[in-house]
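As structure tokens, the structure follows; a few thoughts come after it.
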Amino acid sequence: MRILVTGGAGFIGSHLIDRLMEKGHEVLCLDNFYTGHKRNILKWLDNPYFELVRHDITEPIRLEVDQIYHLACPASPIHYQFNPVKTIKTNVLGTLYMLGLAKRVNARILLASTSEVYGDPDVHPQPEEYRGNVSCTGLRACYDEGKRVAETLAFEYHREHKTDIRVARIFNTYGPRMLENDGRVVSNFIVQALKGIPLTIYGDGSQTRSFCYVSDLVEGLMRLMNGEYIGPVNLGNPGEYSILELAQIIQGMINPDAELVYKPLPQDDPKQRQPDITKAKSYLGWEPTIPLKDGLELAIKDFRERVSQES
Ligand code: NAD
Ligand code: UDP
């Protein structure tokens, strides 16, 4: 199959491309390299079944493909808040053009949506039926409202044009190739512990998240794409940890002497988050297999190599 991966040079996209190439597909990686890097896809650049397209999805593009994994969008708050209007354009115009492309060539398209569509949830854990608690004017709105419109567009293309859609709501995912300066909690804590600088806990660290290792997530995306269920479906690891617990686990794994410091909690930071994955289990036969400590070992190994190269 000819498969387009938008955002393919990014963290999740590049792991997905590894799996698709290993399965013998022809892969088109489309990226504008905002948060993605060529080094993530370096090993495929000379492969004749791999093509790299430098393109910004806020402009239309014509391509011939069978499937589209639509992942292009910065995922970390510091990156998506750097140019919020651009984030909205990426989510709205970008998704509109990708759905248009899917419609034109009759391709199946999977939208990478997010647990952020639930905002700061007052239902816990979050099932797909929960409609969310999102501020439409807050600092996170460019991302979470952007993704909500992206989901709406996907479902309207499906209803109006019979476009073959799949919608995944991805919860916090971590693993090798996250950017060192990504600003997300797992990468921050690992890099800080490796560098021997204090781990920065925002707020009192009682807010919770659930962390899914990237290979588990990629397996879920591929099952969703190739199954019959269109979604939206939560993909995440139900293991829930407070941010303080996460800091202590990483501290224990890298540097028990590392200091913890407390910084102000960012605006609209969700207090708790845990996926209800009943639908993923029953419709996709999917659930995560990698425990947090095992996944962290793999992520730490990758960061250790990169941090030591810097110094
Ligand atoms: P990432 O930032 O590593 O990857 C995003 C990729 O999209 C990058 O390569 C970037 O350069 C590219 N991109 C951004 N804007 C673009 C544009 N306008 N045109 C073309 N390319 C563009 O992020 P990730 O963690 O790999 O996330 C991938 C997708 O999964 C995103 O859509 C994100 O919203 C979603 N998601 C991720 C998480 C997570 O925890 N990582 C959680 C929920 C949802
Ligand atoms: N966080 C933290 N220290 C950091 C980075 C993040 O305490 O150095 C907190 C952040 O405030 C949030 C949680 O960790 O409560 C997860 O943040 P991240 O940006 O990784 O993901 P998101 O908030 O988008 O789920």
Side-chain angles (χ1 to χ4, degrees), residues 5-17 29-38 40-41 53-59 61 69-81 83 86-91 93-95 97-98 110-118 120 140 143-144 146-147 150 168-175 177-179 182-192 198-212 214 217-218 221 234-236 241-244 246-247 250 260-273 275:
V5 180
T6 75
F11 162 53
I12 298 175
S14 65
H15 284 280
L16 173 65
I17 286 178
C29 167
L30 183 157
D31 210 294
N32 71 347
F33 297 106
Y34 173 48
T35 49
H37 277 271
K38 265 196 188 157
N40 290 339
I41 41 160
V53 185
R54 181 188 280 267
H55 176 77
D56 191 309
I57 57 159
T58 59
E59 301 288 334
I61 188 167
Y69 286 90
H70 177 36
L71 273 65
C73 177
S76 164
I78 53 165
H79 291 127
Y80 71 64
Q81 288 168 6
N83 187 341
K86 174 75 186 198
T87 302
I88 297 170
K89 284 186 186 167
T90 295
N91 276 317
L93 287 179
T95 303
Y97 294 141
M98 284 305 136
L110 182 152
L111 169 69
S113 183
T114 169
S115 54
E116 290 279 331
V117 299
Y118 304 124
D120 186 4
R140 294 172 91 100
Y143 183 72
D144 44 34
K147 289 283 186 182
R169 291 188 180 150
I170 302 171
F171 284 62
N172 297 62
T173 302
Y174 70 99
R177 301 185 194 155
M178 291 180 92
L179 291 175
D182 195 53
R184 278 182 277 190
V185 68
V186 174
S187 44
N188 269 11
F189 286 173
I190 294 179
V191 171
Q192 290 161 344
L199 277 61
T200 50
I201 296 177
Y202 301 160
D204 62 5
S206 63
Q207 70 274 32
T208 67
R209 294 293 187 273
S210 306
F211 301 99
C212 187
V214 64
L217 195 266
V218 165
L221 291 176
N234 290 338
L235 294 179
Y241 297 83
S242 74
I243 294 306
L244 177 60
L246 179 75
I250 293 176
L260 307 182
V261 291
Y262 291 84
K263 303 251 171 169
L265 191 67
Q267 189 195 319
D268 289 343
D269 199 280
K271 282 182 278 306
Q272 52 181 1
R273 183 180 291 154

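Read the numbers this way: they start at 1 and go in the same order the structure lists the ligands and their atoms.
In terms of N/O distances under 3.5 Å, ligand 1 is not approached by Leu30. When only interatomic distances are considered, the shortest N/O to N/O separation between Ala72 and ligand 1 does not fall below 3.5 Å. Residue Arg184 has at least one nitrogen or oxygen atom sitting less than 3.5 Å from a nitrogen or oxygen atom of ligand 1, judged on distance alone. Residue Thr114 has no nitrogen or oxygen atom sitting less than 3.5 Å from a nitrogen or oxygen atom of ligand 1, judged on distance alone.
Contacts with ligand 1 closer than 4.0 Å are made by no heavy atom of Ser115, backbone or side chain. Under 4.0 Å from ligand 1, the heavy atoms of Thr90 that appear belong solely to its side chain. At a 4.0 Å heavy-atom cut-off, ligand 1 does not touch His37 at all. For Tyr174, no heavy-atom contact with ligand 1 is shorter than 4.0 Å. At a heavy-atom cutoff of 4.0 Å, ligand 1 is contacted by no atom of His79, backbone or side chain.
Ordered by chain and residue number, the residues placing a heavy atom less than 4.0 Å from ligand 2 are Pro77, Glu116, Arg140, Asn172, Gly183, Arg184, Val185, Asn188, Phe189, Thr200, Ile201, Tyr202, Gln207, Arg209, Ile243, Pro266, Asp269, Arg273.
For atom 33 (C) of ligand 1, the closest non-hydrogen atom of the protein is Tyr143 OH, 3.5 Å. Closest to atom 9 (O) of ligand 1, if we only count protein heavy atoms, is Asp31 OD2, 2.5 Å.
Considering only residues two or more places apart in sequence or on other chains, Phe11 meets the ring pair (Phe, Tyr, Trp, His ring centres under 6.0 Å) condition with His15.
Of the listed residues (Leu16, Leu71, Thr6, Ile170), the one carrying the non-hydrogen atom nearest atom 43 (C) of ligand 1 is Ile170.
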